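All values below come from the heavy atoms of this structure, side chains included, with hydrogens, waters and symmetry mates left out. Quantities reported herein were computed from a predicted structural model and do not represent experimental measurements. Numbers here are sequence positions counted from 1.
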Amino acid sequence: MQRYEMGVYDVIVVGAGHAGCEAALAPARMGVKTLMLSITLEAIAMMPCNPSVGGTGKGHLVREIDALGGEMGVNTDKAFIQSRMLNTAKGPAVHSLRAQADKQRYHEEMKKTIERQENLDMKQAEVVDLIVEDGKVRGVVTRTGGIYRAEAVILATGTFLRGKIFIGESSYDSGPNGMAPSMELSDSLKKYGIFLRRFKTGTPARVDGKTLDYDEMTVQHGDDRIVPFSFMNELLDENRADCWLSYTNEETHEIIRNNFHRSALFTGEIEGVGPRYCPSIETKIDRFADKKRHQLFVEPEGLGTDEMYIQGMSSSLPEDVQEAFYHTIPGLRHCKIVRPAYAIEYDCIDSLDLKTTLESRVIGNLYFAGQTNGSSGYEEAAAQGLMAGINAALKVQGKDPFILDRSEAYIGVLIDDLVTKGTQEPYRIMTSRVEYRLLLRQDNAAERLTEKGYRIGLVSEERYRRYLSLKEETEKEMERLRSTYVTPSEADDFLLSVGSSPLQNRISLAELLKRPQVTYENMRAVDPDRPSLSYHSMLQAYVNIKYEGYISKQLAQIEKFRKLESQLLPEDIDYAHMDGIRLEARQKLNDFRPDSVGQASRISGVSPADINVLLIHLEKRRREQAKEREAERGADRERDDKPARDHKKSERNGQEG
């Protein structure tokens, strides 16, 4: 096929899902000429699975994307139809916002944003090959022979790479939601030394909402107070839809058990590894055989359609079996399936082959983001897309990379897990993976990351000014709470009413707020003259004071963590011949080449004992280098002093003569 030149860009992004959108918008907003290519423009911000954004742990990622200047939170606020804050019975560290989205509007709003973004072009084209010269990517080639050149390329291909769909005994090549797969790019990656493996995910059936019996299910309303995802929004419109809860039963399980032999998961047809934390319904029934029922949620796909998404019921069973077991579930007994459930298998890379910038260790200037890195979920994909886009832009601009560590963001945990620990299944972020949860809350994402986003040129002036204004408002309120006092006579009636002990002496409102029974809201009884605050500033002031002691302890833990992170490892260190470290650890360290001792400690197969040996080696090396430097300085002094000594010797000889 004849090839022909089509254009030159700074950054090219391949893919237009949640990773691709963020990966394209970030460099464009940083002033870098960017091109986004997609097999179909209908794939822009497509939601082929759950029509929702956020949830436990994932809501933190969305807030962090927003704080850095990304688009997912802004777009969700435009397209949401129901909003709920999860885990409110627990502490603020695990509160997570979740929004049900109108999936068609989500796609339309994101497409509109991309179309109107300066420095960003989008085109419908399938990329089938890379252009690699001298170990670095230099562009891409499309199916029709078009050549697009660039300084950096980001692959955000999602589940399209050699995508294959399974429904019962039937299987066929396909991308998600029936779209065309990318069948040739995998061969190109292999040709250039990129190792690929197979992962699998799935999606449940969609049913006609008009055929459901809603009175047989439990309604799930949205929150009365709607908290936005984006820092730029204070108030949002009301909820416009409800969700419903139902359960499987023994009859459901019996039908599924009797048809295990017809599921591609059990016949061995599927090669790929599926997500442990989001299993298919047949996997649940097989793995948890003693469980009498499993919950499922019925969620609207949007306001312009009657299609309903059955969360918790992904499957690769045949259509006739799906019809049979769905009809055993309360609320779904008369449902009509409009899109059957399916499993999809696809190619992805080994994330251990990535640097912390998400640049390939094999091909320079080639970045990967999203499900192609072995992760799962829209939010995980968008976070990686944002970071890959930022780092590609910075590299083109000749600037230092932008890396978030585990103490700074959920995004830092996500990427560090992928590139140091790797994953043997589709990776999902969870609050339990995060060591410093109390400091990495979703409510303080702006405080943690806006300055960083502004410094790299991604956060707009408008957003930055709003951040500074609300930061000042928060600090003033915290100071007011610390400097305003109440006496026993003013506070005791209130304290008794909330089940707290009376005061012995006057105390500040800040100290009062630390009592378990006291909240910012109910404390209004003894603080009637409090100023009117934004919701954001009020929440920040409350949490910072309420958990001040715990926050201080976690800051001390982070200080220890950063000491290990700051101990950089020399690029020329020879792990292969380092005595005292186990063979497996030596091999892992040699292959991965960690940047710091902290990063080395998180590599799978490297034990604390190995790290201790490594620290001893570094100290020994430091002392040897110090001796060498001292010896060199001594030699330099010797050379510098020699002319003077020779001159004095000459003078003495002359006097004696």
Quiz item: Is there a side-chain contact between Pro318 and Asn259, using heavy atoms and a 4.5 Å cut-off?
Solution: no
Practice problem: Mind telling me whether Tyr148 and Tyr9 have parallel, tilted or perpendicular rings, with 30° and 60° as the class edges? | Solution: tilted
Quiz prompt | Contacts of type ring pair (Phe, Tyr, Trp, His ring centres under 6.0 Å), residue His18, not counting sequence neighbours | solution = Tyr106, Tyr378
Quiz item: Would you say the side chain of Asp405 lies within less than 4.5 Å of the side chain of Asp416, judging by non-hydrogen atoms?
Solution: no
Exercise. Measure up the His60 and Tyr410 rings against each other and bin them: parallel (under 30°), tilted (30 to 60°), perpendicular (over 60°).
Key: parallel
Quiz item: Is a side-chain donor-acceptor pair under 3.5 Å present for Ser280 with Ser315?
Solution: no
Exercise. Assess whether salt bridge (charged side-chain N to carboxylate O under 4.0 Å, His left out) is satisfied between Glu184 and Arg143, documenting all intermediate values.
Key: CA-CA 9 Å; Glu184 295 183 40; Arg143 175 177 288 281; 2.9 Å; yes
Practice problem: Supply the atom-to-atom distance Tyr346 OH to Leu161 CG, rounded to the nearest 0.5 angstrom. | Solution: 10.5 Å
Quiz item: In terms of side-chain heavy atoms, does Ser230 have a donor or acceptor partner in Asp77 at a distance below 3.5 Å?
Solution: no
Practice problem: Can you measure from CD1 (Ile429) to OG (Ser376) and round to the nearest 0.5 angstrom? | Solution: 10.5 Å
Practice problem: Starting from the C-alpha separation in whole Å, work towards a yes-or-no answer on salt bridge (charged side-chain N to carboxylate O under 4.0 Å, His left out) for Asp129 and Lys191. | Solution: CA-CA 10 Å; Asp129 200 2; Lys191 175 178 67 178; 3.4 Å; yes
Quiz item: Just wondering, do Leu589 and Pro594 contact through their side chains at under 4.5 Å, heavy atoms?
Solution: yes
Quiz item: With sequence neighbours left out, what residues match Asp187 under salt bridge (charged side-chain N to carboxylate O under 4.0 Å, His left out)?
Solution: none
Self-check item: 4.5 Å side-chain heavy-atom contact, Glu282 and Ser316
Solution: yes
Exercise. Using the side chain to side chain contact (heavy atoms under 4.5 Å, CB included) rule, pick out the option among Leu352, Val362, Asp353, Leu189 that qualifies with Phe195.
Key: Asp353
Quiz item: Regarding Arg361 and the six-membered ring of Phe592, is the cationic atom NZ or CZ under 6.0 Å from the ring centre and inside 45° of its axis?
Solution: yes
Quiz item: Got a second to check how far Arg138's CZ is from Ile131's CD1, nearest 0.5 Å?
Solution: 11.0 Å
Practice problem: Answer yes if the side chains of Ser170 and Glu319 hold a donor-acceptor pair under 3.5 Å, and no otherwise. | Solution: no
Quiz item: So, Asp417 and Tyr427: side-chain donor and acceptor under 3.5 Å apart, yes or no?
Solution: yes
Quiz item: Which one of Arg198, Arg197, Arg162 satisfies the salt bridge (Lys or Arg N to Asp or Glu O under 4.0 Å) criterion with Glu345?
Solution: Arg198
Exercise. Taking the side chain as every heavy atom from C-beta outward, state whether Leu97 and Phe229 have any pair of such atoms under 4.5 Å apart.
Key: yes
